[in-house]
2 protein chains.
Amino acid sequence: MADVARLAGVSSQTVSRVSNGYAGVNEETRQQVLAAMRELGYRPNSAARALKRGEFRTIGVITFGLSTTGNVRTLEAIATSAAHEGYAVTLLPVAVPTQDEVRGAFSRLGELAVDAVIVILEVHLLDAMTLSLPPHIKVVVADSDAGDRYTVVDTDQAGGSRDAVRYLLDLGHDTVWHLAGPEESFAAQRRADAWRAELTGAGRAAPPPVRGDWSAESGYRAGLELAARPDCTAVFAANDQMALGLLRALHERGRHVPGDVSVIGFDDIPEAGSFLPPLTTVHQDFAEVGRRCVEGVLRQMGQDAPEHGTTLVPTRLVVRDSTAGPRRP
Amino acid sequence: MADVARLAGVSSQTVSRVSNGYAGVNEETRQQVLAAMRELGYRPNSAARALKRGEFRTIGVITFGLSTTGNVRTLEAIATSAAHEGYAVTLLPVAVPTQDEVRGAFSRLGELAVDAVIVILEVHLLDAMTLSLPPHIKVVVADSDAGDRYTVVDTDQAGGSRDAVRYLLDLGHDTVWHLAGPEESFAAQRRADAWRAELTGAGRAAPPPVRGDWSAESGYRAGLELAARPDCTAVFAANDQMALGLLRALHERGRHVPGDVSVIGFDDIPEAGSFLPPLTTVHQDFAEVGRRCVEGVLRQMGQDAPEHGTTLVPTRLVVRDSTAGPRRP
DNA sequence: CCATCAGATGTTTACGTAAACATAACAGGC
DNA sequence: GCCTGTTATGTTTACGTAAACATCTGATGG
């Protein structure tokens, strides 16, 4: 900066003003400074800036694995929104979802150049580490429940699930089976609860849910069980990957979809429309979730006190070819 | 830091020494300083550190969309390896893959707190922007060709493709059709070239390739074309998503897989084993690619001059149920 | 018994920037 | 003609850290 100032024949402060787009700089001077910057290939040093301004213009994102579609799409939206607001995004991967690992991520975070954090993690992993966060850092939690402690942004898991169940009931099925996600998952929990609530509300008996771990493979195994039950004519799978495995199992066992069994998934991954048959599923607006996370974080940065409360992003049922009315004898 | 020093009754320099794990500090003093740190909730300020040390311990990753499986898995591996080496990862998403967008990302990068960059992008988007990078920043390019200018880490696209084609030929097919990726993609190009080379090498005629855009939907459309050709008994799809669409098209047209048509994909996405039928595919070791990217970047940071040259990560053919010998009349 | 040296700690300084304050030049009003 | 206010620019300082250098203490050996 000093070099630029010297070359342009001005003070370093004027260079700073130009570099920050300050108003009160003579146009002629401004051009000279800009020319000097170009000539010397000047780049403002962001460390010095951060030091001086006391903020990094960076948001940290803690997430467990980028393996699940949802996390990735949310992350992408976060990165895009953040970039749009002039913020960078720093990634904090948590290798294994244990308390220790999460604690480690949070403590690394403590010495990281970050103004705020967005957490995409199951809440039960989050409990212990609240304290270890530097107090001025703002937090938003995605896809979890902690509305009493943090700002939370989440897909309307319950609404989407109820829509799915109701759609199947409206088609004439007596009841709807559920291929649930892993027990530890809050999202899985919510989807299962809503499924049960909707059935109960309609006066139907809820069959025992079958549990998977989100993977297509686990959906296949669960599907083999379900295929063996002739009274199973409709299944609500907690995500599309498991639905894929389910479709394979049903196919192998000669149960036709949607003739014999209707299947609905959750997420609407890009491939869902190319399954055999194309999958009816609950569309999640991950982009919106990401956007609102960034929004929440920025809003908090404008204030002094943290917020709490939950924002729900609505879902939409996408009807394709894996659902039909039951075959009546 | 000054507060900690005061409370512990030492100089700030000693605090710095403790905070950096320097050897020559009396154990007793050390404990006092640590106690003071705890009491005051001291966190080293990373901006000041970066300013003083002249490095950020951060790697930037420029990538177009996180939509494609490969990019994400590579990114994940990069983040994990980097964390392991004490580096953070900053994400620079490129919204639309145009020269302008990429140029924008690179210029944002210029003022970003980053020591090195890993670029996961098709090279043809990269050409113009070489200059705009601050000279001291190290670059590694993944999944692209620029071995003459940068360090490149890539999957052995050619090897994997040749394996796939040879496997199909060995099963007895006369030739292998190709469902190619988009023209602009370097990876697609390489896979197509290798496919053609292997066929030619075996003295077979290469049928005209059908082009998709990586999406399952495009694979479906291409599949409808291929299904109409009775002489098509084996297809090598440039990725698993397109293979999925292809399977659907073949199924709809009553062409049995693998009875009538054999299909091989590329990537080995987690769902590939749950396709109908489970997909034979070329496994890519994304984790290894990511690891080597980080390694390459760190190696360069130890040196003054940039490197160039290409590292290839081998692939592995995973045989499942979508391939078989041709049905001989 | 003193020179020498190693270990432990303190002092000074600089990293690059921008806020706060200071200065200079000039225009307009009385 | 002088005071006031505005605009453009310069000077000083502090952000939090760590390298370089300085100092102090006590031990060792000739």
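Given the structure is predicted, the values throughout are model-derived calculations rather than measurements. All values below were derived from every heavy atom in this structure, side-chain atoms included, with hydrogens, water molecules and symmetry-related copies excluded. In what follows, chains carry the letters A, B, and so on, assigned in the order in which the sequence lines appear, proteins first and then strands, with residues in each chain numbered from 1.
Atom C1' of nucleotide C/dC15 and atom CZ of A/R53 are separated by 17 Å, given to the nearest angstrom. One interatomic measurement links the two molecules: CD of B/Q32 to C1' of C/dT9, which rounds to 13 Å at whole-angstrom precision. At whole-Å resolution of the value, CE in A/M1 and P in D/dT13 are 17 Å apart. Atom CZ of B/F56 and atom P of C/dG16 are 11 Å apart (whole Å). Counting to the nearest Å, the P atom of D/dC24 and the CD atom of B/Q13 are 17 Å from each other. For the pair A/R30 CZ and D/dT7 C1', the computed distance is 16 Å after rounding to whole Å. Summarising the geometry, the separation between CG on A/N45 and P on C/dG16 is reported as 7 Å, rounded to the nearest angstrom. For A/K52 and C/dG16, the NZ to C1' distance is 11 Å, given to the nearest whole Å.
The side chain of A/Y22 approaches C/dA19 more closely than any other nucleotide in the set D/dT17, C/dA19, D/dT9. Checking C/dT9, C/dA18, C/dG10 against the side-chain heavy atoms of A/N20 singles out C/dA18 as nearest.
Using a 4.0 Å heavy-atom cutoff across all strands shown, B/V25 reaches sugar-phosphate atoms only and no base atom. At the heavy-atom level, B/R17 lies under 4.0 Å from base atoms of the strands shown. Using a 4.0 Å heavy-atom cutoff across all strands shown, B/T14 reaches sugar-phosphate atoms only and no base atom. When heavy atoms are screened at a 4.0 angstrom cut-off, A/V10 is found touching the sugar-phosphate backbone but no base atom. Heavy atoms of B/S12 sit nowhere under 4.0 angstrom from any nucleic acid atom.
B/Q300 and B/T151 share a donor-acceptor pair across their side chains, judged by distance under 3.5 Å alone.
Using a 4.0 Å cut-off between charged side-chain N and carboxylate O, B/R57 and B/E55 make a salt bridge. Salt bridge status for B/E295 with B/R292: absent, with no side-chain N to carboxylate O gap under 4.0 Å. With respect to B/E288 and B/R291, a salt bridge is recorded, a charged nitrogen being found less than 4.0 Å from a carboxylate O.
Checking the phosphate oxygens (OP1, OP2) of C/dT9, a side-chain nitrogen or oxygen of B/T29 falls inside 4.0 Å.
Nearest-nucleotide mapping onto DNA chain C: of B/L51 and B/G9, the residue sitting toward the 5' end is B/G9.
Using modelled atom types, no side-chain atom of B/D156 and backbone atom of B/L312 make a donor-acceptor pair closer than 3.5 Å.
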